[in-house]
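Notes for the one structure printed next.
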Amino acid sequence: MKSEPDEASIDDALAADKQTVAWTGVRNYQARNFMRDQMQIGDGVLFYHSGCARPGIAGIAQVASNSYPDPTQFDPKSPYHDPKSSPDHPRWLLVDVRALKKIRLIGLPELRAEAELADMLVLRRGNRLSITPVTTREWCHIVGKIANVKEVLTE
DNA sequence: GCCAACGTTGGC
DNA sequence: GCCAACGTTGGC
């Protein structure tokens with residue numbers, strides 16, 4: 001899951017109440033559908049920093065709720081306000097994400113250098129989706145590169 | 001700041 | 001339903 005660290009970084013998430021943040025602002029149907037249809041509580045999340053000097057995986061997190069309507073869509077003062085959405089028929093959903101651990105930044109050059117990660121959707125040329133699924137193989141490969149990560153992974 | 005890539009919008 | 005124009009993303 002991508003986030004701009006200026007807006008919501010892994011540090012921000014770790015500092016939040018229960019280390020949990022609501023993943024507001026997703027305004028892409030495919031990304032929304034991943035949260036609605038694919039994610040389950042407890043699923044592992046790679047917390048990716050984008051739109052910054054050193055983009056890459058900055059932390060490990062987990063899905064902490066089922067999907068529910070993103071409140072920012074109803075707030076006229078929010079940059080994520082969607083006048084075409086209504087509480088009766090909410091268009092945009094989010095999940096809560098619990099940060100588990102900040103890791104050494106695994107930057108894009110390192111990710112691209114790994115043959116095991118060659119098919120990762122987030123690395124695809126032209127990919128603009130802020131949420132992409134990760135295969136078990138990709139997950140295990142990345143987690144295997146991180147020191148002292150077992151303590152935060154329960155399954 | 002540039003630009004490739006892609007999603008969305010809206011006229012027809 | 002097509003598709004050109006436009007806006008956004010995001011790495012560089």
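Each chain gets a letter, A, B and so on, in the order its sequence line appears, and its residues count up from 1. Heavy atoms only: backbone and side chains are in, while hydrogens, waters and symmetry mates are out.
Rounding to whole angstrom units, CG of residue A:L123 and C1' of B:dA5 are separated by 16 Å. For the pair A:N28 CG and B:dA5 P, the interatomic distance rounds to 18 Å; values are reported in whole Å. Atom CZ in A:R27 sits about 14 Å away from atom P in C:dT8, given to the nearest Å. Rounded to an integer number of Å, the gap from A:D82 CG to C:dG7 C1' is 15 Å. Between the C1' atom of B:dA5 and the CD atom of A:Q30 lies a distance of 14 Å, rounded to the nearest Å.
Evaluated for a side-chain contact (heavy atoms from CB on, under 4.5 Å) with A:V63, the options A:M35, A:Q38, A:M39 yield exactly one hit, A:M39.
The backbone N or O of A:Q40 lies less than 3.5 Å from a partner atom in the side chain of A:D43, making a donor-acceptor pair.
Of all the heavy atoms in A:V26 and A:S130, the pair that sits closest is CG2-OG, 4.2 Å.
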What does the list of N/O pairs under 3.5 Å between the protein and nucleotides 9-11 of chain B look like, with a distance for each?
none

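There is no side-chain donor-acceptor pair under 3.5 Å between A:T72 and A:D75.
Remark: A:R54 CZ is loosely packed, at most 12 non-hydrogen atoms of other residues, nucleotides or ligands lying under 6.0 Å away.
Ring centers of A:W92 and A:Y68: at least 6.0 Å apart, outside the cut-off.
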